[in-house]
A.B. asks: 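Structure below; questions to follow.
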Amino acid sequence: MKNLLLPLFCMMFSFAPLVETVSELEGKPVNKNVAQFYNKVNLLVYICKGGAAYAYHMDKACEGLTYCTRDIIAVTKSDAKAKFKRKPCKRCSK
């Protein structure tokens, strides 16, 4: 029984920092290195806070964000879809 619980316990706590870090990033300015890491694992996307915005972007340098007149924030892809009702950008999400 002890042999089974130890690996399970270790797995639970090995993912905790990742989840906590992603939630701390939402809606805040993001360190470039952190953003690159989360983009590699496809967790972090960028959205414009403007009223006419409808898409999320995989890259902060996407052409679709050039006309954003409000703040550009980094959020998780699931939040971009669920909370902000955004769809993938046609330019950068190919």
Side-chain angles (χ1 to χ4, degrees):
M1 184 73 166
K2 289 181 185 178
N3 293 340
L4 183 62
L5 291 178
L6 184 60
L8 181 61
F9 183 75
C10 291
M11 275 187 12
M12 286 175 26
F13 288 102
S14 66
F15 292 111
L18 178 64
V19 173
E20 186 176 281
T21 306
V22 170
S23 64
E24 289 174 0
L25 289 175
E26 295 174 358
K28 297 180 182 177
V30 179
N31 178 321
K32 185 178 179 180
N33 294 334
V34 173
Q36 288 173 348
F37 170 76
Y38 283 107
N39 280 339
K40 285 181 184 176
V41 293
N42 208 15
L43 292 177
L44 191 65
V45 295
Y46 299 94
I47 63 170
C48 176
K49 294 280 287 192
Y54 64 90
Y56 64 83
H57 305 270
M58 302 304 290
D59 186 12
K60 194 171 183 177
C62 176
E63 186 181 344
L65 287 171
T66 56
Y67 299 108
C68 180
T69 58
R70 304 278 305 266
D71 293 334
I72 297 172
I73 61 170
V75 296
T76 59
K77 185 188 268 189
S78 59
D79 282 347
K81 291 177 181 179
K83 289 183 184 177
F84 295 99
K85 309 293 186 223
R86 303 297 169 91
K87 298 178 181 180
C89 172
K90 294 176 184 175
R91 295 179 178 121
C92 65
S93 297
K94 293 179 182 179

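Starting from 1, each residue takes its place in the sequence as its number. Quantities reported herein were computed from a predicted structural model and do not represent experimental measurements.
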A.B. asks: What's the shortest heavy-atom distance between K60 and L65, and which atoms?
C.D. replies: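 So the two residues come closest at O-CD1, 3.6 Å.
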A.B. asks: Kindly say whether H57 contributes a backbone atom to a donor-acceptor pair with the side chain of R86 at under 3.5 angstrom?
C.D. replies: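 A pair under 3.5 Å: no.
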A.B. asks: Mind checking side chain to side chain contact (heavy atoms under 4.5 Å, CB included) for K49 and listing every partner two or more places apart, or none if nothing turns up?
C.D. replies: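 Expected list: R70, D71, I73, F84.
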A.B. asks: At their closest point, which heavy atom of V75 faces which heavy atom of A80, and how far apart are they?
C.D. replies: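 Where V75 meets A80 most closely, the heavy atoms are CG2-CB, 3.9 Å.
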A.B. asks: Please name all residues satisfying disulfide (SG to SG under 2.5 Å) with C62, sequence neighbours left out, ordered by chain then number.
C.D. replies: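 Counting only residues at least two positions away or on another chain, C62 forms no disulfide (SG to SG under 2.5 Å).
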A.B. asks: State, with a plain yes or no, whether a side-chain heavy atom of Y56 is found less than 4.5 Å away from one of K77.
C.D. replies: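 Counting from C-beta outward, Y56 and K77 do come under 4.5 Å.
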A.B. asks: Search all heavy atoms of L44 against all heavy atoms of A74 and return the closest pair with its distance.
C.D. replies: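 It is CD1-CB, 3.6 Å.
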A.B. asks: What is the distance from atom OG1 of T76 to atom NZ of K83, rounded to the nearest 0.5 Å?
C.D. replies: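 The distance works out to 7.0 Å.
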